[in-house]
*Asks:* 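Take a look at this one; I'll ask things after.
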Amino acid sequence: MTTIIPLAEVDPALVEDLLDAAFGKRRTERTAYKVREGVDMLEGLSIAAVDTAENELLGSLQCWPVALTDEAGKMHPMIMVGPVAVYPDCQGKGIGQALMTGLLKELHKDESLPLVMIGDPAYYDRFFGFSPERTDGWKLPGPWDPERLLVRAPKDALLPAQGKLGPWIRPASN
């Protein structure tokens, strides 16, 4: 039976092995890693799928504090979703969908920051409401396919049309 648990309860070495299996050993060179560089994962929103009968990790989903810095230099906080990773031999069995559903259950619909991710628009829009429609003026700190930069936010949420996505580094207080 697949159970969703906090990712903090999983040995970090097992998570690293999963990420290598899902995305390859050079995964840390990807632009998504640059977007969240230097910040800690949001433990309260990062989850894992485990097979409780076999006591085995099947998948993980991590969330990160990021911000879109607009042209005036104002930072607009967001939550970056990903990587969403499932062992290759477990893909197509609904584990990724269970992880995303688990995340969305943790968020309060009216209180959540915009969610941003780099992913397959057909899948993430169809099942979870992520879309590239409002991200075409956004930049990333490395190469990316603009159609794969997705955001999930209420239609009335004020999102900058232009800006650069990067880690959410809180300004030093005076």
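Heads up: numbering here begins at 1 and tracks the sequence.
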*Asks:* What pairs of donor and acceptor atoms, side-chain ones from residues 46-53 against any protein atom, are under 3.5 angstrom apart with sequence neighbours left out?
*Replies:*
from, atom 1, to, atom 2, distance (Å)
S46, OG, L42, O, 2.9
S46, OG, C63, N, 3.0
D51, OD1, A53, N, 2.9
D51, OD1, E54, N, 3.1
T52, OG1, M1, O, 3.1

*Asks:* ring-ring contact (aromatic ring centres under 6.0 Å, His included) with Y33: which residues, sequence neighbours excluded?
*Replies:* none
*Asks:* Sequence neighbours left out, what pairs pass side chain to side chain donor-acceptor pair (under 3.5 Å) with at least one residue falling in residues 133-157?
*Replies:* none
*Asks:* Please find the pair of heavy atoms, one from P146 and one from P132, that lie closest to each other, and give the distance.
*Replies:* O-CB, 4.1 Å
*Asks:* Run the numbers on V39 and V66 for side-chain contact (heavy atoms from CB on, under 4.5 Å), then give the verdict.
*Replies:* CA-CA 8 Å; V39 296; V66 299; 5.6 Å; no
*Asks:* Distance from L61 atom CG to L45 atom CG, nearest 0.5 Å?
*Replies:* 9.0 Å
*Asks:* For residues 90-104, run the donor-acceptor check on the side chains, cut-off 3.5 Å, and write out each pair with its distance to 0.1 Å, sequence neighbours left out.
*Replies:*
from, atom 1, to, atom 2, distance (Å)
Q91, NE2, V86, O, 2.9
K93, NZ, D89, O, 3.4
T101, OG1, Q97, O, 2.9

*Asks:* Restricting to non-hydrogen atoms, name the atom on L19 and the atom on P83 that form the minimum distance, rounded to 0.1 Å.
*Replies:* CD2-CG, 3.6 Å
*Asks:* Kindly determine whether V116 and L150 satisfy side-chain contact (heavy atoms from CB on, under 4.5 Å), including the steps that lead there.
*Replies:* CA-CA 6 Å; V116 63; L150 311 174; over 6 Å; no
*Asks:* How would you list, by chain and number, every residue that makes a salt bridge (Lys or Arg N to Asp or Glu O under 4.0 Å) with K105, sequence neighbours excluded?
*Replies:* none
*Asks:* Please step through side-chain contact (heavy atoms from CB on, under 4.5 Å) for the pair V84 and M117, ending with a clear verdict.
*Replies:* CA-CA 10 Å; V84 180; M117 72 183 317; 4.3 Å; yes
*Asks:* Do P167 and R36 touch side chain to side chain, with heavy atoms closer than 4.5 Å?
*Replies:* no
*Asks:* Pair D125, D120 - check side-chain contact (heavy atoms from CB on, under 4.5 Å), show working.
*Replies:* CA-CA 8 Å; D125 187 15; D120 176 14; over 6 Å; no
*Asks:* Tell me, please, which residues at least two apart from R27 pass salt bridge (Lys or Arg N to Asp or Glu O under 4.0 Å).
*Replies:* E16, D20
*Asks:* Is the count of non-hydrogen atoms from other residues, nucleotides or ligands lying under 6.0 Å from K34 atom NZ greater than 12?
*Replies:* yes
*Asks:* Kindly state each residue pair satisfying side chain to side chain donor-acceptor pair (under 3.5 Å) with at least one member in residues 60-87, sequence neighbours excluded.
*Replies:* D70-H76
*Asks:* Measure the spacing between CH2 of W168 and CG of D40 and express it to the nearest 0.5 Å.
*Replies:* 15.0 Å
*Asks:* Give the minimum heavy-atom separation between L58 and L18, together with the two atoms involved.
*Replies:* O-CD1, 4.0 Å
*Asks:* If the condition is side-chain hydrogen bond (donor to acceptor under 3.5 Å, both in side chains), which residues does R126 pass it with, not counting sequence neighbours?
*Replies:* none
*Asks:* Would you give the length of the straight line joining atom OG1 of T2 to atom CD1 of I4, rounded to the nearest 0.5 angstrom?
*Replies:* 7.0 Å
*Asks:* Is any side-chain heavy atom of L115 less than 4.5 Å from a side-chain heavy atom of V151?
*Replies:* no
*Asks:* What's the shortest heavy-atom distance between L159 and P114, and which atoms?
*Replies:* CD2-CG, 3.7 Å
*Asks:* Can you give me the closest heavy-atom contact between V35 and M80, atom names plus distance?
*Replies:* CG1-SD, 3.5 Å
*Asks:* By salt bridge (Lys or Arg N to Asp or Glu O under 4.0 Å), which residues pair with E29, not counting sequence neighbours?
*Replies:* R26
*Asks:* Atom OH of Y123 and atom CZ of F128: how far apart are they, to the nearest 0.5 Å?
*Replies:* 4.5 Å
